[in-house]
Amino acid sequence: MPELPEVETVRRGLAPVMEGARFVEVEARRGDLRWPLPEDFAARLRGQTVLKLRRRAKYLLADLSGGEVLLMHLGMSGSFRVNHDRGRSGSPRKRLGLEPSGPGLHDHVVFHMSSGATITFNDPRRFGSMLLIDRSELENHRLLAELGSEPLARSFDAASLARACQHKETSLKTALLDQSVVAGLGNIYVCEALHRAELSPTRKASTLARRSGAPTARAERLVSAIKEVLAAAIKAGGSSLRDHRRTNGDLGYFQHHFRAYDRAGEPCPTPSCGGTIRRISQNGRSTFFCPRCQK
DNA sequence: ACATAGACCTGTTGGC
DNA sequence: TGCCAACAGGTCTATG
């Protein structure tokens with residue numbers, strides 16, 4: 001499911017009910033996610049207040065009052081759902097039977113917050129994860145230490161992308177999926193950014209840089225395309241292909257704005273291009289692009 | 001140091 | 001209709 005725009009959408013949905021709120025109760029219904037839940041997970045969270053909910057790459061980070069950080073990843077199919085408890089009789093929707101009350105099949109973790117919100121983590125494939133890390137060890141943690149630039153930060157520019165790709169023999173597609181080059185892109189937004197920048201996914205990553213390491217015009221175009229597509233997707237609440245939901249259950253709608261992803265056989269939307277979107281496989285993953293305008 | 005393949009899971013889809 | 005292979009938004013781990 002989730003790339004940077006989807007994770008950011010989830011963060012924005014969770015922040016109002018988590019920040020400043022305390023974990024009143026935590027249910028660990030199934031602990032074998034990608035990795036086992038931390039030892040005494042529920043007990044270590046109970047009573048702690050969330051100071052801030054942040055995002056880094058595709059991770060959500062909840063700073064806890066006790067000095068630890070709750071690190072969460074949605075994997076391929078993870079989602080969070082927020083329900084608001086309104087007294088014993090339940091919400092009006094619940095009383096009317098519009099909301100199912102019991103936990104669903106893949107509801108693995110449930111947070112009951114002092115804000116009155118119940119937050120349920122659902123993840124059919126269990127590629128998601130939750131970890132507790134000491135704040136002092138966060139920067140050096142193996143999952144975070146090697147991450148590259150945040151693509152929406154000002155510091156992510158053509159020069160920094162060119163530098164990161166300068167000696168890469170691999171394809172541009174593969175380089176952009178590498179979280180140590182740029183942090184937060186996934187299969188969809190790499191395809192979309194390359195299409196917008198009119199760059200071929202099979203082009204060598206090193207062609208973003210001159211021999212001196214200085215960025216080429218391609219690098220400039222690509223950085224702009226990445227920032228634009230991510231910003232637009234966040235504005236749309238992310239892309240819902242199958243699993244992604246906003247925390248209130250609504251769908252994102254950026255999938256309606258895809259120009260290349262999942263559009264094999266359709267005409268290329270680049271003005272006056274006239275090409276056809278093709279699907280190829282790179283490193284076992286689908287790439288969608290227009291061989292006509294993406295050079 | 002770098003690049004590619006395999007692994008982890010469940011659910012859905014398309015072809016025969 | 002049923003069955004099975006292929007595929008799905010990710011990324012760690014092992015291997016060359």
Side-chain angles (χ1 to χ4, degrees), chain A residues 1-11 29-37 55-60 71-80 104-109 121-131 141-148 151 163-194 201-206 226 229-230 233-234 236-246 251-258 260-265 279-288:
Chain A
M1 147 199 167
E3 305 180 31
L4 187 154
E6 289 75 38
V7 178
E8 179 61 21
T9 298
V10 170
R11 190 196 68 77
R29 306 190 60 250
R30 181 153 186 179
D32 56 334
L33 304 183
R34 168 141 203 196
W35 297 296
L37 287 174
R55 181 191 56 73
R56 170 76 170 111
K58 299 172 193 171
Y59 290 96
L60 291 169
L71 186 70
M72 300 174 279
H73 197 289
L74 300 172
M76 286 282 262
S77 60
S79 64
F80 281 97
L105 179 56
H106 298 296
D107 292 345
H108 305 312
V109 178
F121 178 67
N122 181 284
D123 184 8
R125 295 177 75 176
R126 305 203 313 282
F127 289 165
S129 53
M130 293 198 187
L131 284 81
H141 193 276
R142 61 191 191 94
L143 295 178
L144 303 178
E146 305 300 323
L147 289 174
R163 210 178 311 127
C165 292
Q166 190 176 1
H167 302 298
K168 291 223 170 274
E169 286 298 306
T170 194
S171 68
L172 204 41
K173 163 85 186 295
T174 302
L176 293 177
L177 280 178
D178 182 343
Q179 301 296 294
S180 69
V181 172
V182 208
L185 297 178
N187 208 31
I188 291 178
Y189 297 103
V190 166
C191 291
E192 290 300 305
L194 287 170
T202 61
R203 162 185 287 284
K204 259 201 211 181
S206 57
I226 289 169
V229 75
L230 292 178
I234 290 170
S239 303
S240 292
L241 294 187
R242 30 173 48 101
D243 297 312
H244 171 62
R245 296 285 163 140
R246 309 185 66 148
L251 298 167
Y253 60 86
F254 194 73
Q255 65 278 12
H256 303 302
H257 300 287
F258 290 169
Y261 187 85
D262 209 16
R263 296 212 179 284
R279 175 191 178 279
I280 61 172
S281 190
Q282 291 179 288
N283 297 315
R285 311 200 63 192
S286 291
T287 299
F288 299 89

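Because only heavy atoms are used, hydrogens play no part in the values below, and waters and symmetry mates are left out as well, while side chains stay in. Residue numbering restarts at 1 for every chain, and letters A, B, ... go by the order of the sequence lines.
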Quiz prompt | Between dC7(C) (P) and Ile188(A) (CD1): distance, integer Å | solution = 17 Å
Exercise. Whole angstrom is fine here: how far is it from CG in Leu74(A) over to P in dT11(C)?
Key: 10 Å
Quiz item: Counting any heavy atom closer than 4.0 Å, what does Leu143(A) reach on the DNA or RNA strands: base, sugar-phosphate only, or nothing?
Solution: sugar-phosphate
Practice problem: Classify the nucleic acid contact of Leu105(A) as base, sugar-phosphate or nothing, counting any heavy atom under 4.0 Å across all strands shown. | Solution: sugar-phosphate
Practice problem: Take the protein atom CG of Asn187(A) and the nucleotide atom C1' of dA8(C), then report the distance between them rounded to whole Å. | Solution: 9 Å
Quiz prompt | Residue Glu3(A), side-chain atoms from C-beta onward, closest of dC12(C), dC7(C), dG10(C) | solution = dG10(C)
Quiz item: DNA chain C: Ser240(A) or Arg34(A), which has the more 5' nearest nucleotide?
Solution: Ser240(A)
Quiz prompt | Between P of dG10(C) and CG of Leu241(A), the distance in whole Å | solution = 10 Å
Self-check item: Residues forming a side chain to side chain contact (heavy atoms under 4.5 Å, CB included) with Pro124(A), sequence neighbours excluded
Solution: Ser77(A), His106(A), Asn122(A)
Practice problem: Return the value, rounded to whole Å, for the distance between atom CZ of Arg126(A) and atom P of dT11(C). | Solution: 18 Å
Quiz item: Taking only residues two or more places apart in sequence or in another chain, which ones pass ring pair (Phe, Tyr, Trp, His ring centres under 6.0 Å) with Tyr189(A)?
Solution: none
Quiz item: Can a side chain N or O of Gln179(A) be found less than 4.0 Å away from OP1 or OP2 on dG10(C)?
Solution: no
Quiz item: Can you name the salt bridge (Lys or Arg N to Asp or Glu O under 4.0 Å) partners of Glu169(A), sequence neighbours left out?
Solution: Lys204(A)
Quiz item: Any donor-acceptor pair under 3.5 Å joining the side chain of Arg285(A) to the base of dA8(C)?
Solution: no
Quiz prompt | Ala164(A) to Val181(A) - nearest heavy-atom pair and separation | solution = CB-CG1, 4.0 Å
Self-check item: Same-atom distance (P) from dA14(C) to dC9(B), integer angstrom
Solution: 15 Å
Quiz item: Given that both pair distances must be under 3.5 Å and the pair must be Watson-Crick or G-U, what runs of three or more consecutive pairs involve DNA chain B?
Solution: B:2-8 with C:10-16, B:10-16 with C:2-8
Using a cutoff of under 3.5 Å, can you pull out all pairs of nitrogen or oxygen atoms linking the protein to nucleotides 14-16 of chain C, with atom names and distances?
none

Quiz prompt | Any residue meeting salt bridge (Lys or Arg N to Asp or Glu O under 4.0 Å) with Arg34(A), in chain and number order, not counting sequence neighbours | solution = none
Self-check item: Inter-residue atom distance Thr202(A).OG1 - Gln282(A).CD, 0.5 Å rounding
Solution: 6.5 Å
Quiz item: Do the side-chain N or O atoms of Ser77(A) get closer than 4.0 angstrom to the phosphate oxygens (OP1, OP2) of dA8(C)?
Solution: no
Practice problem: Go through DNA chain B in 5' to 3' direction and return only the first and the last nucleotide with some atom under 4.0 Å of chain A's heavy atoms. | Solution: dA3(B) to dG11(B)
Practice problem: Quick one: list whatever passes ring pair (Phe, Tyr, Trp, His ring centres under 6.0 Å) with Phe127(A), sequence neighbours left out. | Solution: none
Quiz item: How would you list, by chain and number, every residue that makes a side chain to side chain contact (heavy atoms under 4.5 Å, CB included) with Leu251(A), sequence neighbours excluded?
Solution: Ser240(A), Arg245(A)
Practice problem: Give a yes or no on whether a salt bridge exists between Arg126(A) and Asp32(A), defined as a side-chain N under 4.0 angstrom from a carboxylate O. | Solution: yes
Quiz item: Who are the side chain to side chain donor-acceptor pair (under 3.5 Å) partners of Arg203(A), not counting sequence neighbours?
Solution: Thr207(A)
Self-check item: Interatomic distance, Asn283(A) CG vs dT11(C) C1' [rounded to whole Å]
Solution: 13 Å
Self-check item: Separation of dC7(C) P from Asp243(A) CG (nearest whole Å)
Solution: 18 Å
Practice problem: Could you tell me whether the phosphate oxygens of dT11(C), OP1 or OP2, come under 4.0 Å of any side-chain nitrogen or oxygen in His73(A)? | Solution: yes
Self-check item: Contacts of type ring pair (Phe, Tyr, Trp, His ring centres under 6.0 Å), residue His257(A), not counting sequence neighbours
Solution: Phe254(A)
Practice problem: Apply salt bridge (Lys or Arg N to Asp or Glu O under 4.0 Å) to Arg55(A) and list each qualifying residue two or more places apart in sequence or on a separate chain. | Solution: Glu8(A), Glu150(A)
Quiz prompt | Derivation of the side-chain contact (heavy atoms from CB on, under 4.5 Å) call for Asp243(A) and Asp123(A) | solution = CA-CA 9 Å; Asp243(A) 297 312; Asp123(A) 184 8; over 6 Å; no
Quiz item: Base, sugar-phosphate, or nothing: which does Tyr59(A) touch, judged by heavy atoms less than 4.0 Å apart?
Solution: sugar-phosphate
Quiz item: Between Arg142(A) and Tyr261(A), which is nearer to the 5' end of DNA chain C once each is assigned its nearest nucleotide?
Solution: Tyr261(A)
Quiz item: Over how many whole Å does the gap from Leu33(A) atom CG to dT11(C) atom P extend?
Solution: 15 Å
